[in-house]
Amino acid sequence: MERKTKHLWWQEGVIYQVYPRSFQDSNNDGIGDLKGIAHRLDYLEWLGITALWLSPVYSSPMADFGYDISDYQDIHPLFGTLEDFDVLLKEVHNRGMKLILDLVPNHTSDQHPWFLESKSSKNNPKRDWYIWHDARPGGSVPNNWLSVFGGSAWEWDETTGQYYYHAFLKEQPDLNWRNPEVQKAMLDVMRFWLAKGVDGFRVDVMWHMIKDEQLRDNPQNPSYEQHMATYEQLLPFYSTDQPEVHEIVRKMRDVLDSYDERMMIGEIYLPLHKLVAYYGIDNKGAHLPFNFQLLALPWDARQIAAAVDQYEGALPAGGWPNWVLGNHDQPRITSRVGLEQARVAAMLLLTLRGTPTVYYGDEIGMRDVPIPFEEVQDPQGLNMPDKNLSRDPSRTPMQWDNGNYAGFSVSKPWLRLAKNYARENVAVQKNDAYSMLSLYKRLIELRQKEPALMTGDYKPVYSDHHVMSYLRESATSDNFLIVLNLSHRPCYFTIKNYEIKGRIEIATALELEGNEITETISLGGDEGIVVRLSKK
Ligand code: NOJ
């Protein structure tokens with residue numbers, strides 16, 4: 001039921017993920033930075049965004065583009081300074097917007113002073129801050145755990161004669177969260193940024209944070225096939241999603257709760273029944289365990305409708321839903337479902353119940369950009385036998401206008417731009433009522449204006465292989481019917497059990513807007529509509 005209580009900013013708002021390297025360069029080095037982001041806040045405000053999440057901007061050797069942190073309390077000079085950060089935060093807040101930082105507590109850089117100390121000798125007080133283990137007799141690795149980025153997850157350290165564990169690159173050693181000093185240090189990092197006024201964190205690989213104490217071997221994955229990443233050969237049964245992780249999340253939450261209205265998003269790739277456990281007992285876990293279902297499901301209306309219903313049903317009482325169409329680790333939505341369906345996907349994202357997260361550039365329909373072999377930069381692309389696993393294509397510079405380098409920079413960008421940037425960019429799309437950008441802007445505007453869309457109830461109405469339809473309802477305002485054709489073919493169907501009368505408010509094909517609808521609805525291929533229902 002629609003709750004009568006006041007909703008919080010992270011429930012009512014729209015989150016926008018900025019990948020800082022690729023958003024806006026201000027100092028002409030071809031890499032985006034904090035001043036660049038500040039310079040583009042007018043745009044985000046115009047679009048109706050209410051919160052920004054920044055991928056990591058901390059000091060880092062950049063082995064994994066900032067997800068390898070060497071100082072959690074400083075900014076990488078590529079992105080600017082702590083002063084630049086303070087200015088950005090102030091400007092975000094002056095606009096009534098919020099700022100969410102990426103927090104990477106599972107691992108540090110191998111250049112972090114903690115790790116340098118830890119590896120300096122077996123007796124170092126920080127030795128136990130990381131996961132060290134003797135070789136098995138014969139010198140082999142302590143267990144069969146694999147790195148997400150390929151190969152064994154254990155790296156031999158010649159100086160001290162032990163292996164250390166790294167779930168990702170060997171340059172990203174995992175912290176030992178069983179050690180109370182590690183816990184304290186990372187909670188203090190949170191306090192440092194919260195005291196500055198940061199509104200929340202997106203917590204990197206939350207489900208990886210603590211591992212089986214006995215380091216037992218992971219079982220083989222019976223569904224493994226040749227084309228899959230090597231990491232998937234095993235089921236990460238003992239290396240991830242351990243029961244103790246919830247105690248840690250709870251501790252993080254306690255820190256957040258000691259400030260005003262701060263929040264935490266958890267990056268968690270797990271099946272639904274495990275994902276929802278991250279809301280925590282009494283909802284004292286993550287505020288938003290990221291719901292990545294739309295990233296993985298086949299683009300089939302019946303399957304998506306079923307997944308939405310299952311998710312709604314699986315949420316704990318008081319647990320707030322959220323939806324994601326893309327991020328810096330995944331192919332872009334336009335490249336997965338095509339440009340026309342990406343419009344329908346936008347309508348889905350922005351009309352479902354729960355906080356939407358928009359990945360930068362998706363609002364202008366940016367596509368994955370082909371990156372020639374010799375220009376691949378992502379370690380996932382470089383390390384894996386399958387170069388198609390590179391994440392570079394979805395991290396290319398934002399396309400602002402048709403100027404040199406798309407208005408992103410005046411220097412050659414760190415990663416090549418899309419060829420079509422002169423045609424597909426913010427400036428062009430702003431002036432085109434049919435553009436993806438105009439569609440996003442109008443959907444966000446309606447969502448933010450209409451209680452039924454922002455926080456109202458969700459009620460499934462109909463689904464078949466082409467189309468899915470649902471209601472968003474509020475006791476205090478107009479109700480809305482959403483009908484989405486997820487196929488390229490025209491379709492029609494009759495809504496039974498509901499008396500439907502209303503006017504199309506937003507349509508992917510603008511020509512439909514203003515039309516009245518009745519219980520038999522027909523839609524062209526790739527069409528979606530948001531209908532304002534007449535009051536009874
Ligand atoms: C998840 C991040 O989103 C990804 O970009 C990164 O490579 C891994 N965590 C390791 O930090």
Side-chain angles (χ1 to χ4, degrees), residues 15-23 32 53-70 72 76 100-112 115 130-131 145-151 153 155 164-175 177 186 189 201-211 229-232 236 239-241 245 264-270 275 278 286 288-292 295-296 322 324-332 357 359-360 368 376-384 389-396 414-415:
I15 301 174
Y16 185 96
Q17 180 187 356
V18 171
Y19 194 65
R21 290 183 80 84
S22 296
F23 201 58
W53 148 36
L54 305 187
S55 286
V57 288
Y58 312 98
S59 306
S60 161
M62 295 286 166
D64 187 19
F65 292 111
Y67 284 94
D68 50 320
I69 296 169
S70 51
Y72 287 86
H76 194 297
I100 300 166
L101 280 188
D102 223 304
L103 183 74
V104 188
N106 177 69
H107 46 268
T108 68
S109 159
D110 64 347
Q111 299 307 309
H112 194 294
F115 188 70
Y130 293 83
I131 302 171
W145 294 359
L146 297 171
S147 154
V148 176
F149 289 151
E155 181 70 13
Y164 67 87
Y165 174 72
H166 57 93
F168 296 90
L169 297 174
K170 66 177 178 4
E171 292 83 2
Q172 294 168 296
D174 279 46
L175 283 161
W177 272 85
M186 199 58 73
V189 167
F201 298 101
R202 171 271 191 191
V203 179
D204 192 65
V205 295
M206 187 181 260
W207 83 114
H208 273 262
M209 281 174 61
I210 195 159
K211 349 288 167 189
T230 50
Y231 176 70
E232 297 184 68
S239 50
T240 64
D241 194 35
V245 73
M264 169 164 63
I265 306 172
E267 187 210 17
I268 304 154
Y269 286 90
L270 282 176
L275 175 72
Y278 284 76
L288 301 177
F290 254 148
N291 166 19
F292 292 136
L295 297 174
N322 75 89
V324 179
L325 280 183
N327 63 38
H328 64 293
D329 294 327
Q330 304 292 337
R332 284 191 181 270
T357 298
Y359 182 49
Y360 88 96
D368 287 353
V376 172
Q377 307 205 31
D378 176 25
Q380 181 163 292
L382 293 170
N383 281 6
M384 305 282 223
L389 292 171
S390 166
R391 300 166 295 181
D392 290 335
S394 57
R395 297 177 174 181
T396 60
W414 72 283
L415 196 59

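Whatever order the structure lists ligands and atoms in, that order sets their numbers, starting from 1.
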>> If I compare all heavy atoms of Phe201 with all of Ile100, which pair ends up nearest, and what's the gap?
In response: C-CG2, 3.6 Å
> Counting each atom of ligand 1 from 1 as listed, which ones have a heavy atom of Glu267 under 4.0 Å away?
Replying inline: 1 (C), 3 (O)
> Which of the atoms in ligand 1, numbered in the order shown and given with their element, are less than 4.0 Å from a heavy-atom of His107?
Replying inline: 10 (C), 11 (O)
>> Please tell me whether Asp241 and Tyr278 have a donor and an acceptor in their side chains that are separated by less than 3.5 angstrom.
In response: yes
>> Parallel, tilted or perpendicular: which one describes the rings of Tyr360 and Tyr19, with boundaries at 30° and 60°?
In response: parallel
> Is Tyr269 touching ligand 1 with its side chain, its backbone, both, or neither, if touching means heavy atoms under 4.0 Å apart?
Replying inline: neither
> Distance from Asp329 atom CG to Arg395 atom CZ, nearest 0.5 Å?
Replying inline: 5.5 Å
>> Counting only heavy atoms closer than 4.0 Å, does ligand 1 sit against the backbone of Gln380, its side chain, both, or neither?
In response: neither
> Hey, which atoms in ligand 1 end up nearer than 4.0 Å to a heavy atom of Arg395?
Replying inline: 5 (O)
>> What protein heavy atom lies closest to atom 9 (N) of ligand 1? Include the residue and the distance to one decimal.
In response: Asp204 OD1, 2.9 Å
>> What I want to find out is whether Asp368 reaches Arg391 closely enough, with some N-O distance under 4.0 Å, to be called a salt bridge.
In response: no
>> Which residue and atom name correspond to the protein heavy atom nearest atom 3 (O) of ligand 1, and how close is it?
In response: Asp329 OD2, 2.5 Å
> Taking heavy atoms and a distance under 4.0 Å, where does His208 meet ligand 1: side chain, backbone, both or neither?
Replying inline: neither
> Which residue holds the protein heavy atom closest to atom 6 (C) of ligand 1, what is that atom called, and what is the gap in Å?
Replying inline: Asp64 OD2, 3.3 Å
> Relative to the ring of Phe292, is the ring of Tyr269 parallel (under 30°), tilted (30 to 60°) or perpendicular (over 60°)?
Replying inline: parallel
> Side chains of Gln330 and Ser394: donor-acceptor distance under 3.5 Å anywhere?
Replying inline: no
